[in-house]
Every structure is written in structure tokens, then in C-alpha cells.
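All residue numbers in this chain count up from 1 along the given sequence. The figures here come from the full heavy-atom set of this structure, side chains too, leaving out hydrogens, waters and symmetry mates.
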Amino acid sequence: MAEDDPHHLNIMYNWFKYSVSKVPPHVLHEQEERKWNIEYKEPYGRCTIAVRDIKEGEVIFVDHPVVTGPKQNSTIMCLGCYRRIESWDEYRCSKCGWPLCSAKCEKMGYHPMECQFYADSGYIPCASDFTEDQYVYEATLSLRCFCLSIYEPDKWKTLMAMESHNDPRRGTELWEREEANVVNFLKEKVKVSADPELLHTITGILDVNCHEVRSTLPGTKDEYRVRGVYPLCAMMSHFCSNNTHHTLMDDMTMVVMASRPIKKGEQITATYTHILSATTERRKHLKFGKFFDCVCDRCKDPTELGTYFGALRCSQPGCGGNVLCTDPVCITNDAPWKCDRCRHQIPAETVERLNKIVYYELRQHEEGDIAALENIFKKYQFVFHPQHFHLIGVKHTLSQVYGRVSGYLLPQLTEAQMQRKIECCQDLLKVLDVIDPGISRLRGLTLYELHAPLLLKANKAFQSTNITKSEFLEKLREAEGYLRRTVYCLQYEPVSAFEGEICKISRNSLKELLSWIEVVKGLPSEHFLPECVDLLPPTAASLTEEDLTLESLLKKLEEQ
């Protein structure tokens with residue numbers, strides 16, 4: 001009864017049992033003891049608590065989607081398999097008239113449920129029905145959710161146990177848009193006989209709980225981007241520096257693992273926003289999209305755990321301090337900013353305007369335009385802290401595109417460009433070590449990008465006999481370490497995904513590198529520079545007062 005389970009915890013435990021039954025035993029076995037409980041705690045609401053210590057890399061749970069469907073602003077796609085299709089009239093469902101890949105897709109996925117509704121309503125869609133103000137697929141997933149109430153009551157029960165935040169949403173711009181484009185569309189065009197409040201509850205559940213599903217169709221390189229409702233994932237509290245990593249299998253089952261060690265009694269947490277954005281940007285996104293004010297440790301700390309991810313450089317003459325928000329969890333996000341040295345203040349609106357200017361400048365250029373990115377970086381490198389999110393964001397992009405775009409392929413890079421790629425990777429990893437330590441998709445991809453120029457530089461030095469044997473082996477082992485860590489971070493990614501492909505490449509590269517290291521060990525000394533013999537420092541007894549001065553020490557080093 002509802003009064004015995006007011007927070008619908010048993011519904012979620014039952015959903016977990018169902019999800020486990022959908023995945024292979026090697027991922028998580030049905031008989032394995034559950035590592036977590038769902039509890040209700042203020043101010044978080046329902047949250048997931050570890051019932052024992054959980055090791056880094058350990059699978060915590062699997063979560064099957066209640067339902068999936070197109071994102072609101074998706075381009076033309078097949079409602080059966082989600083493949084992108086070229087035109088509206090490429091193939092139409094013989095029953096409802098919606099664009100599909102082929103007749104085969106008329107019976108695939110969730111389309112048969114909605115198909116019946118469209119066919120019964122007599123509504124035949126056409127491209128002219130939709131504009132920039134009403135997207136083609138804006139109402140699709142909401143309709144699929146309503147269909148569950150008829151065709152799959154257990155899934156419907158689970159869906160209705162999720163949070164919709166109707167009260168804070170009511171009267172907002174988002175509510176009004178969904179009233180016009182989803183609720184009215186379903187009532188008037190599709191003839192759905194449902195109370196408008198129920199349809200708003202469905203849209204709210206989707207707004208608050210949906211995950212983007214980004215993967216590829218097995219056997220193709222055709223990426224799809226849709227969204228799905230994952231009930232167990234929704235039970236995890238949001239932290240801007242979380243302790244889990246999730247990945248999606250080809251059947252869209254989500255596997256959630258510990259990205260770092262989790263102590264018994266600690267919350268198991270997820271991130272609902274982009275980890276490489278600063279506090280104000282994250283909190284605004286969460287408030288608008290998820291309807292709560294984040295007050296996690298990272299948000300409360302003006303330095304963002306010592307990364308200074310939103311900090312500006314003080315512009316006062318001779319200062320150079322860090323300008324930080326005086327109250328980063330202010331509800332209105334308008335607390336003044338103040339220098340940590342000279343105490344000079346800047347209005348929050350000035351900081352926001354500056355960030356928007358840089359954001360729009362970055363948006364004006366293609367992501368692979370290295371020259372433009374470098375110019376923007378140079379323009380603002382003394383305005384922002386070196387680890388400011390805009391500068392780290394540029395470095396993140398540069399770390400990926402150096403070596404991958406025309407004119408800047410890895411063998412074409414100059415020594416300076418190769419070093420720039422290395423530095424960008426290293427600087428990004430320094431930030432990730434704090435805000436996203438352990439296993440992460442971004443860490444794995446960055447480590448892969450880092451190993452390549454290091455290996456290339458070492459091999460070039462070897463080919464020109466410009467490196468000692470010990471130095472060469474050290475560089476090779478460094479690259480080996482990065483490849484091993486890449487595989488470790490990406491080992492759970494499906495092979496059909498880009499990250500899975502990188503993991504596969506890394507495994508093969510690691511085998512080749514280990515063979516090369518063994519070859520190098522056996523090479524004669526004429527292939528290398530002579531090893532330097534370290535000069536032993538004088539003993540303490542032989543040191544004179546003159547020896548202890550900086551000037552005399554530098555003179556001795558010059559003589560050597």
C-alpha cells in the first residue's frame with residue numbers, strides 16, 4: 001500500500017530486479033548481493049546509500065530504461081531504430097504515416113504503441129505541421145509514456161513513481177511551451193483522452209529524469225542521440241564532483257560503476273550537468289532543467305575544490321590575485337565577486353557578461369579551427385585564472401584536434417605544436433584529478449591523446465640518436481602507463497561506440513608497445529646517446545661556507 005511505502009522505494013527495488021534480468025551475468029549477476037539502499041533524506045529526497053565499502057571500478061547496479069524516444073529537437077529519424085534518415089518522404093509507416101527506415105521498422109521498438117494512437121486519431125503528419133517553435137518529435141516520448149499506462153502497466157507504475165516537480169514548473173516558460181507543443185498537440189491532434197495535468201506530469205518526469213542516450217547502431221557508424229528514462233539512476237543525488245561512472249550497452253541498458261572508492265554510508269552520486277562548466281553555469285542549468293539549487297561541496301567552495309575553475313585574474317595594478325564569487329550558492333546567483341588579495345569587488349553581472357562574450361566568440365568558429373582557438377586563448381589567458389573553465393575548455397578541444405584535423409595531423413605537427421598538445425592534455429588531467437578523479441570517459445580519451453605525441457617524440461629522438469637508452473625506455477614506459485589507464489577507463493564502453501573503438505585500439509597499441517620495449521632493451525649502445533654519469537655531491541664534512549652560497553654553487557655548475 002502507498003502509505004506503507006510513501007516514497008515508492010519497493011517499486012525501485014523491483015525495477016532493479018527487472019533490470020538485472022536484462023543483462024548478461026558477467027556484468028552483474030541476479031544473485032549478487034545488492035551494494036546499496038534507497039533512502040529518503042532531506043534535503044535530497046530519495047537518494048542511494050552504499051551499504052558496504054565499494055571499490056573503484058566495481059559495478060554498483062544496472063538500469064534498464066522504462067522507455068526511450070527522440071530528443072525534443074531531433075532531426076528526422078526513424079521511430080523504430082532511431083537511425084537518421086535523409087528526408088521526410090524516404091519511407092512512411094503504412095499505418096500512421098510517420099517517417100521510418102523501412103517496413104521492418106514498423107514493428108520495432110516502441111513505435112507500434114504510438115502508431116496505433118496516430119492511426120486511430122486519423123492524424124497524418126506532414127513536415128509543414130512543424131516549425132522552429134514546435135519541433136517534430138517534441139511530443140513523441142510523452143506519448144510513448146502515456147502508452148505505457150495501457151500496454152505495460154508495470155513500467156507505467158515505475159514511471160509514475162518518479163519526480164515531476166509540477167509545482168515549481170507551473171507557470172514557467174517551459175510549462176507554457178509544453179502546454180502548447182505537447183499537451184495540446186496530444187489532446188487535439190492525436191486525440192489522447194487524458195487529463196492535461198497527467199500529461200504535464202509526464203513532461204515533468206521527462207524534464208527532470210531523462211538521460212541522453214548517445215551510442216551507435218551495432219554494425220554501423222551511424223550515431224543516434226535519443227533520451228531515456230532510467231529510474232535507478234534518477235535515485236542518485238546530483239553532486240558536481242560525483243563518485244560514479246555510467247556507460248550504455250548496445251541494448252541501452254545502463255551500467256553504473258564506482259569511479260572512485262565509496263565508503264559504507266556514503267551517498268552514491270551522479271552528475272546531471274556538464275562537469276567542465278563553472279559553478280554559476282552549472283547551478284543555472286540545474287535550476288532551469290532539474291528544478292533544484294545545488295549546494296554540493298564543489299558549488300559551496302568559491303575555489304571549486306582548489307581548481308579556481310571560475311576565477312578571474314584581478315585587474316588592479318600590481319595585484320594579480322584571484323577574483324572569486326563571495327557567495328557561490330546564492331539563490332539569485334548575483335553575489336559580488338572579490339579579489340582574494342586586494343579585496344577589489346566586481347559585480348556578478350560583469351562576470352556573467354564576460355563569460356557570455358567568450359562563449360559567443362567560441363561559438364563563432366568551427367571546433368577544429370585551431371588558429372581561432374589559439375587566438376581566443378591568447379586573448380583571455382591573462383584575464384582568467386589558468387584553470388578557468390573557458391581556458392580548460394579550449395585546451396580540451398585543442399587536445400583532441402591537434403593531430404586529427406587537416407594540416408595538423410600528428411606526423412605534420414611541429415615540435416612546438418606537439419608540445420602544445422601534450423600540455424593541453426596534462427592541464428586538463430590536472431583538473432580532472434580534482435573534480436572527476438578515477439574512472440571517466442573524458443579521462444580515458446585524454447590519456448589516449450596524451451600517449452601519442454609522447455611516443456612520437458621519443459621515437460623521433462631515437463631515430464636521430466638523440467636520446468639515451470634509459471631515457472628512451474622511460475618515455476616508452478610512460479606511454480605504456482597512459483595506454484593501460486586508457487583501457488582501464490574505457491573497458492566497459494560498447495565496441496560500437498567511439499570510446500569502445502578507442503579502447504580496442506589502445507589494447508592493440510599496448511601489445512605493440514610492449515613488444516617494442518623488449519626490442520629496445522636488447523639494442524646495443526651505439527643506437528643511443530651515452531648515459532650521463534651523475535657527479536656525486538660533496539659530503540657535508542667537505543662543504544665550506546663558500547660552497548653554501550648560491551653564487552659559488554652556480555659557478556661550480558658552470559665549470560662542470
Side-chain angles (χ1 to χ4, degrees), residues 27 48 50 54-63 211-215 230 233 236-249 254-263 266-279 281-282 285-286 294 296-299 304-307 309 387 389 392-400 422 424-452 481-495 497-507 510:
V27 176
T48 310
I54 301 174
K55 298 176 183 177
E56 178 179 309
E58 201 171 339
V59 174
I60 301 172
F61 62 81
V62 293
D63 197 2
H211 278 76
E212 181 181 75
V213 179
R214 181 180 63 87
S215 189
Y230 291 85
C233 289
M236 293 189 291
S237 296
H238 162 84
F239 275 46
C240 292
S241 181
N242 65 311
N243 56 23
T244 63
H245 169 75
H246 69 268
T247 189
L248 286 155
M249 302 175 70
M254 190 174 287
V255 180
V256 177
M257 67 203 72
S259 60
R260 50 176 131 161
I262 302 173
K263 295 289 186 182
E266 186 181 347
Q267 279 207 51
I268 298 170
T269 58
T271 291
Y272 303 164
T273 187
H274 189 21
I275 200 165
L276 291 185
S277 55
T279 296
E281 286 68 26
R282 294 193 313 275
H285 173 262
L286 292 167
C294 186
C296 72
D297 290 343
R298 181 180 170 191
C299 284
E304 297 202 37
L305 308 179
T307 62
F309 215 47
Q387 291 184 166
F389 77 97
I392 290 297
V394 171
K395 287 182 176 181
H396 172 218
T397 303
L398 290 173
S399 73
Q400 303 291 312
I422 291 170
C424 286
C425 291
Q426 291 173 335
D427 291 347
L428 175 57
L429 288 168
K430 285 177 186 176
V431 172
L432 294 179
D433 285 343
V434 178
I435 64 175
D436 197 21
I439 298 172
S440 80
R441 202 170 285 110
L442 180 54
R443 178 183 298 279
L445 294 176
T446 304
L447 288 165
Y448 179 78
E449 294 297 331
L450 177 56
H451 101 278
Y482 293 142
L483 281 173
R484 287 188 185 280
R485 190 68 181 176
T486 298
V487 172
Y488 175 69
C489 287
L490 303 181
Q491 61 183 310
Y492 298 103
E493 302 298 324
V495 178
F498 172 74
E499 294 86 355
E501 183 67 23
I502 293 297
C503 184
K504 180 181 177 182
I505 292 170
S506 297
R507 282 194 172 99
L510 183 58

key: Candidate pair Glu493 and Ile502, rule side-chain contact (heavy atoms from CB on, under 4.5 Å), full reasoning   = CA-CA 9 Å; Glu493 302 298 324; Ile502 293 297; over 6 Å; no
task = Apply side-chain contact (heavy atoms from CB on, under 4.5 Å) to Cys503 and Tyr492, showing your working.
result = CA-CA 9 Å; Cys503 184; Tyr492 298 103; over 6 Å; no
message = As a quick check of understanding, evaluate side-chain contact (heavy atoms from CB on, under 4.5 Å) for Ser241 and Asp297, giving each step before the final call.
response = CA-CA 8 Å; Ser241 181; Asp297 290 343; over 6 Å; no
ask   = Can Thr271 and His238 be said to form a side-chain contact (heavy atoms from CB on, under 4.5 Å), step by step?
value = CA-CA 5 Å; Thr271 291; His238 162 84; 4.0 Å; yes
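At least one donor-acceptor pair under 3.5 Å links the side chain of Arg443 to the backbone N or O of Leu432. Of the possible polar contacts, one joining the Thr244 side chain to the Thr269 backbone as a donor-acceptor pair under 3.5 Å is found. Side-chain atoms of Arg260 do not come within 3.5 Å of backbone N or O of Asp436 as any donor-acceptor pair. For Gln491 (side chain) and Tyr488 (main-chain N/O), a donor-acceptor pair under 3.5 Å exists by modelled atom type. No donor-acceptor pair under 3.5 Å is formed between the side chain of Arg298 and the backbone N or O of Phe239. With hydrogens and angles disregarded, no donor-acceptor distance shorter than 3.5 Å links the side chain of Asn243 to the backbone of Ile262.
For the atom pair CE of Met257 and CD of Glu56, the computed distance is 11.0 Å after rounding to the nearest 0.5 Å. Distance check, rounded to the nearest 0.5 Å: CG of Leu286 to SG of Cys294 gives 6.0 Å. Here the OG atom belonging to Ser259 is positioned 11.0 Å from the CD1 atom belonging to Ile268, to the nearest 0.5 angstrom. Between Leu442 atom CG and Ser399 atom OG the span is 8.0 Å, to the nearest 0.5 Å. If you take CD1 on Ile439 and NE2 on His245, they are separated by 7.0 Å, rounding to the nearest 0.5 Å. With rounding to the nearest 0.5 angstrom, the CD atom of Glu449 is 11.0 Å from the SG atom of Cys424.
Residues Pro494 and Met249 form no side-chain contact, since every pair of their non-hydrogen atoms from C-beta on lies 4.5 Å or further apart. Annotation: side chain of Leu450 is in contact with side chain of Ile422 (closest heavy-atom distance under 4.5 Å). Counting heavy atoms from C-beta on, the side chains of Tyr230 and Leu248 come closer than 4.5 Å. The shortest side-chain heavy-atom distance between Tyr482 and Ser506 does not fall under the 4.5 Å cut-off. At least one side-chain heavy atom of Glu281 sits under 4.5 Å from a side-chain heavy atom of Phe389. Leu490 is listed as a side-chain neighbour of Arg441, based on a closest heavy-atom distance under 4.5 Å. Side-chain contact between Leu276 and Leu428: present, with at least one pair of heavy atoms (C-beta onward) separated by less than 4.5 Å.
If you check the side chains of Tyr448 and Glu499, you find no donor sitting under 3.5 Å from an acceptor. Side chains of Arg282 and Thr279: a donor-acceptor N/O pair is present below 3.5 angstrom, by distance only.
Between His211 and His246, the angle of the ring planes goes over 60°, which puts this pair in the perpendicular group of the 30/60° scheme.
For Val431, the side chain to side chain contact (heavy atoms under 4.5 Å, CB included) criterion is met by Phe309, Gln387, Ile392, Ile435, not counting sequence neighbours. Residues satisfying the side chain to side chain contact (heavy atoms under 4.5 Å, CB included) test with Ala452, not counting sequence neighbours, are Leu410.
Cys489 approaches Gly438 most closely through the heavy-atom pair SG-O, 4.1 Å.
Ring centroids of His285 and His274 are separated by 6.0 Å or more, keeping the two rings apart.
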